[in-house]
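Notes follow once the structure below has been shown.
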Amino acid sequence: KICNKIDVKIFFPLLANSRRQKLKYTDFTIISNNCWAGKCYEYFNLPKSSPTIGGYFFAEDYVKFCKNIKYYLSCNLNIIPATDSKHYETLLKKHEENSLIGRLDDIEIIFLHYHDKKVLLEKWNRRVERINWEHLILKFSYQNECTDELIKSFLEISDFPKLCLVGEKTTDSPDEILFKHRNGKETVAETENFDWFINPTKLINDRL
């Protein structure tokens, strides 16, 4: 965690310009199942053009969201208490029962990094408007009640470029990327160890 903070505060800003110059495009949107997208924008020091930053999905919700993403992003984000969440028992076990929960129809997003509903909604709506549908990447990982079947279902999505970080390969898809910090099939600390085991620039360029 200390190394991660040093990276974000010191090395990310110092190296961001040279990293950015290696990108094919600097106006892109990454829709991630967790905070990976936010770390990616910080890595390149780019405006955050993704509304899901600051939150995470349970795996089944995320795959369903990605399969009909334009519909779900056209819905109003309703903020509900964790006690009303379909994932409440799990949130309680993870000590996340005080988190703000955003609901889009039947999909829920757990916003760990927001404490003010007004701020969350303002940033959500602003970033929805920033989405670049021409350069949009879907990013998934083996976390939060994920299964092999959900990975396969995600990899079958053909509407947008995608990448999927896993602890163990479950298919021969080039979009399934091995992430070495893992617990079995589950990826661990992929935001803290953001660029330790992968090349973010290459992953993004290959999909833009």
[X] side chain vs [Y] backbone, donor-acceptor pair below 3.5 Å:
X	Y	result
Lys64	Asn68	no
Asp116	Val119	yes
Lys24	Asn205	yes
Arg20	Leu46	no
Glu176	Thr170	yes

With a 4.5 Å cut-off on side-chain heavy atoms, are [Y] and [X] touching?
X	Y	value
Gln143	Val188	no
Cys164	Ile177	no
Ser141	Asn33	yes
Glu168	Arg182	yes
Arg19	Asp195	yes
Asn17	Phe44	no

Nearest heavy atoms of [X] and [Y], plus distance in Å:
X	Y	result
Thr171	Leu155	OG1-CD1, 3.5 Å
Ile101	Ala82	CG1-CA, 3.8 Å
Ile204	Ile30	CD1-CD1, 4.1 Å
Ser99	Phe111	CB-O, 4.0 Å

Surrounding [atom1] of [X] (heavy atoms of other residues, nucleotides or ligands, distance under 6.0 Å), is the total greater than 12?
X	atom1	result
Lys22	NZ	no
Glu97	CD	yes
Asn76	CG	no
Lys180	NZ	no

Quiz item: Between His87, Glu186, Lys94, which is the residue that forms a side-chain hydrogen bond (donor to acceptor under 3.5 Å, both in side chains) with Asn144?
Solution: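 Exactly one candidate clears the test, Lys94.
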Parallel, tilted or perpendicular: ring planes of [X] versus [Y], cut at 30 and 60 degrees:
X	Y	result
Phe65	Phe57	tilted
Tyr41	Phe28	parallel
Phe179	His181	parallel

Under a 3.5 Å cutoff, is there a donor and acceptor pairing between the side chains of [X] and [Y]?
X	Y	value
Glu190	Thr187	yes
Lys152	Thr147	no
Thr52	Ser50	yes
Ser49	Asp27	no
Lys139	Asn34	yes
Asp105	Tyr71	yes
Tyr56	Glu96	yes

Are [X] and [Y] joined in one hydrophobic group, where the rule is that I, L, V, M, F, W and Y side chains link up if heavy atoms are under 4.5 Å apart?
X	Y	answer
Ile69	Trp124	yes
Ile31	Phe154	yes
Ile110	Ile107	no
Phe58	Tyr62	no
Ile137	Leu203	yes

Nearest-0.5 Å distance, [atom1] of residue [X] to [atom2] of residue [Y]:
X	Y	atom1	atom2	value
Ile198	Leu178	CD1	CG	11.0 Å
Arg126	Glu129	CZ	CD	11.0 Å
His113	Ile53	NE2	CD1	11.0 Å
Leu100	Leu112	CG	CG	9.5 Å
Ser85	Leu92	OG	CG	11.0 Å
Asp148	Ser153	CG	OG	12.5 Å

Residues [X] and [Y] bridged, charged N to O under 4.0 Å:
X	Y	result
Glu108	Arg103	yes
Asp159	Lys70	no
Lys48	Glu42	yes
Lys86	Asp106	no

Quiz item: Does the ring centre of Phe140 sit less than 6.0 Å away from the ring centre of Tyr142?
Solution: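 Centroid separation for Tyr142 and Phe140: 6.0 Å or greater.
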Exercise. Output, in order, the C-alpha distance, side-chain angles, deciding distance and verdict of side chain to side chain contact (heavy atoms under 4.5 Å, CB included) for Asp175 and Arg207.
Key: CA-CA 9 Å; Asp175 291 324; Arg207 288 159 177 80; 3.3 Å; yes
Quiz prompt | Evaluation steps, side chain to side chain contact (heavy atoms under 4.5 Å, CB included), between Arg130 and Thr29 | solution = CA-CA 8 Å; Arg130 285 184 188 166; Thr29 293; over 6 Å; no
